[in-house]
2 protein chains.
Amino acid sequence: MPLQLSEAKNQFISNWGAFATHWGINKTMAQVHALLLINTKPLCAEDIMEQLQISRGNVNMNVRELIDWNLVERITIVGERKEYFSAEKDIWKVVTQIIKERKKRELEPMLRLMKQLQEVPNDKTEDYKAFKSTIDGIIKYSEQADKTFEKLIKAEESWFWANFIKMVK
Amino acid sequence: MPLQLSEAKNQFISNWGAFATHWGINKTMAQVHALLLINTKPLCAEDIMEQLQISRGNVNMNVRELIDWNLVERITIVGERKEYFSAEKDIWKVVTQIIKERKKRELEPMLRLMKQLQEVPNDKTEDYKAFKSTIDGIIKYSEQADKTFEKLIKAEESWFWANFIKMVK
DNA sequence: TTAAAGTTTCAATATATATTGAAACTTTTA
DNA sequence: TAAAAGTTTCAATATATATTGAAACTTTAA
């Protein structure tokens with residue numbers, strides 16, 4: 001028995017939220033994002049409150065956060081006073097944007113600290129060697145991962161687009 | 001004024017724990033891992049309790065979790081009754097292992113659900129189209145990312161090793 | 001076989017994080 | 001300029017997650 005669309009949507013939203021919590025992302029933020037992803041039309045605060053059964057304050061905070069992440073934009077409909085919200089629909093852009101933001105917010109500060117710790121003076125102990133090589137390893141690894149990510153964006157953009165366009169039409 | 005080694009170690013451990021929480025990883029688990037990473041010699045439960053100022057139960061649970069993730073192994077020292085613990089020191093292996101585990105534990109179950117949701121019958125609405133293309137996009141994207149990850153492991157292993165060996169010796 | 005050494009478990013508790021909702025704001029329009 | 005429509009804030013509260021510690025369990029050595 002195939003799922004009804006409405007049932008499938010609910011499953012998507014709730015599971016996406018549960019999934020997000022494993023990755024350090026607020027459940028509700030992920031659910032609001034999922035809801036906006038699968039709706040062609042922009043939604044207003046009331047729509048989101050109703051569909052996710054959450055408070056106005058909660059909607060406001062999580063939408064703001066999503067806007068901050070550049071995943072959602074405010075939409076004004078002419079003749080309407082309310083604000084509406086709409087999500088970037090292209091998954092490629094969404095993922096790229098998330099990686100970029102997390103790099104900026106979490107990886108870069110961490111790397112700055114690692115580079116400071118690299119400066120600790122060599123006291124010739126075994127422990128120094130282990131410490132130094134852990135830090136060096138993390139820095140080297142991060143820099144390589146970063147370069148790879150940049151290459152990836154360029155190399156696969158064309159591939160992804162070709163497939164994405166083929167797929168959605 | 002350069003940092004003392006002991007101070008640098010503490011900074012590394014506490015910041016690594018804080019960092020981990022942004023990625024859905026338990027703070028203490030990350031700290032135990034950091035502690036074992038920068039110690040040449042295996043540590044026992046008491047050592048960890050003392051250095052991180054946490055309870056025996058907490059040590060036990062987090063060490064078990066790390067073993068489960070294949071990041072730490074139990075070590076028996078001849079003539080000693082206690083168990084000791086030691087972490088995989090090669091950062092490349094550590095990261096690869098973490099990605100593999102998270103893929104298995106989180107991404108794969110999510111993809112199975114997505115594939116189920118793909119089967120929802122086409123009701124010809126705008127909403128159906130948006131829903132379908134979101135799900136299709138996620139699946140396509142994940143599959144591509146997966147392939148890229150596999151290629152990466154092979155392509156960069158030699159590069160990374162060359163650099164890692166040069167660096168640590 | 002038993003007591004000492006060590007490990008594991010898990011209910012109780014503490015801590016961190018998310019959510020509510022009502023009051024304080026900020027437009028807008030009559 | 002007043003009040004209606006809408007948005008934002010944040011202290012209080014609820015929920016989720018992590019931690020403790022003592023009891024139960026397991027293993028080892030005398």
Side-chain angles (χ1 to χ4, degrees), chain A residues 13-36 42-69 72-86 102 105-106, chain B residues 13-36 42-69 72-86 102 105-106:
Chain A
I13 291 166
S14 85
N15 281 280
W16 198 253
F19 179 65
T21 57
H22 288 131
W23 292 84
I25 292 157
N26 178 299
K27 184 190 75 185
T28 306
M29 178 174 154
Q31 290 186 340
V32 172
H33 188 218
L35 179 65
L36 292 174
L43 305 181
C44 69
E46 263 86 17
D47 297 333
I48 300 172
M49 285 168 69
E50 199 180 307
Q51 297 222 38
L52 302 183
Q53 291 289 304
I54 58 176
S55 72
R56 182 176 297 280
N58 203 0
V59 168
N60 186 275
M61 282 187 160
N62 284 294
V63 165
R64 182 142 40 84
E65 191 82 12
L66 284 164
I67 291 172
D68 218 54
W69 280 72
V72 163
E73 61 170 350
R74 255 175 237 280
I75 301 273
T76 330
I77 293 180
V78 287
E80 289 240 36
R81 209 149 138 188
K82 274 202 281 257
E83 290 178 330
Y84 285 79
F85 308 100
S86 168
R102 298 202 81 160
R105 292 168 191 222
E106 295 141 22
Chain B
I13 291 168
S14 87
N15 281 281
W16 199 252
F19 178 65
T21 58
H22 289 131
W23 293 84
I25 291 158
N26 176 300
K27 184 190 73 182
T28 305
M29 177 172 153
Q31 290 186 338
V32 173
H33 189 218
L35 179 65
L36 292 174
L43 303 180
C44 69
E46 262 86 18
D47 297 334
I48 300 172
M49 284 168 69
E50 200 180 306
Q51 297 222 38
L52 303 182
Q53 291 289 303
I54 58 176
S55 72
R56 183 176 295 282
N58 204 0
V59 169
N60 186 274
M61 281 186 160
N62 283 293
V63 166
R64 182 140 41 81
E65 192 82 10
L66 284 165
I67 291 172
D68 219 53
W69 278 72
V72 163
E73 60 170 351
R74 256 175 237 278
I75 301 273
T76 330
I77 292 181
V78 286
E80 288 239 40
R81 208 150 138 187
K82 275 202 281 257
E83 289 180 331
Y84 285 79
F85 307 101
S86 169
R102 298 203 83 160
R105 292 168 190 222
E106 295 140 21

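Throughout, a chain's letter reflects where its sequence line sits, starting with A, and its residues are numbered from 1.
The CG atom of A:N26 lies 7.5 Å from the CG atom of A:N58; values are rounded to the nearest 0.5 Å.
Under the 4.5 Å side-chain criterion, counting only non-hydrogen atoms from C-beta, A:E73 is not in contact with A:F85. Using a 4.5 Å heavy-atom threshold, the side chains of A:H22 and B:R105 count as separate. You'll find the side chain of B:M61 stays beyond 4.5 Å of the side chain of B:V32, heavy atoms only.
A residue-by-residue look at A:I54 and B:F85 shows that B:F85 has its nearest nucleotide of DNA chain C further toward the 5' end. Residue A:M61 is the one, among A:T21 and A:M61, whose nearest nucleotide of DNA chain D lies closer to the 5' end (criterion: closest heavy atom). Take the nearest nucleotide of DNA chain D for A:E80 and for A:K27: the residue whose nucleotide is more 5' is A:E80.
Distance, B:L52 CG to D:dT19 C1': 13 Å, rounded to whole Å. The distance from atom NE2 of B:H22 to atom C1' of C:dA16 is 12 Å, rounded to the nearest whole Å. When rounded to the nearest whole Å, the span between CZ of B:R56 and P of D:dT20 equals 12 Å. One atom, CE of B:M49, and another, P of D:dG21, lie 9 Å apart when rounded to the nearest Å. Summarising the geometry, the separation between CE on B:M29 and P on D:dA18 is reported as 11 Å, rounded to the nearest angstrom. Between A:N62 atom CG and C:dT17 atom P the separation is 15 Å, expressed in whole Å. Summarising the geometry, the separation between CD on B:E46 and C1' on C:dA5 is reported as 10 Å, rounded to the nearest angstrom. Rounded to whole Å, atom P of C:dT15 lies 16 Å from atom CG of B:N26.
Listed nucleotides: C:dT7, C:dT9, D:dA18. Nearest to the side chain of B:R64: C:dT9. Taking the side chain of B:S55 as heavy atoms from C-beta on, and the options D:dT20, D:dT8, C:dT19, the nearest nucleotide is D:dT20. Among the nucleotides C:dA18, D:dG6, C:dT8, the one closest to any side-chain atom of A:K82 is D:dG6. The side chain of B:R81 lies closest to C:dG6, out of C:dG6, D:dG6, C:dT20. Between C:dT19, D:dT8, C:dT20, one nucleotide has an atom nearer to the side chain of A:E83 than all others, and that is D:dT8. With distances taken from any side-chain atom of B:N58 to the nucleotides C:dT9, C:dT7, D:dT20, the minimum falls on D:dT20.
A:R74 contributes no side-chain N or O that, together with a main-chain N or O of A:I67, makes up a donor-acceptor pair within less than 3.5 Å.
Contact check, B:T28 against D:dT19: a side-chain N or O comes under 4.0 Å of OP1 or OP2. Side-chain nitrogen and oxygen atoms of A:N60 include none within less than 4.0 Å of the OP1 or OP2 phosphate oxygen of D:dC10.
In a base pair of the Watson-Crick type (N1 to N3 plus N6-O4 or O6-N4) or a G-U wobble (N1-O2 and O6-N3), with each distance short of 3.5 Å, C:dA22 is matched with D:dT9.
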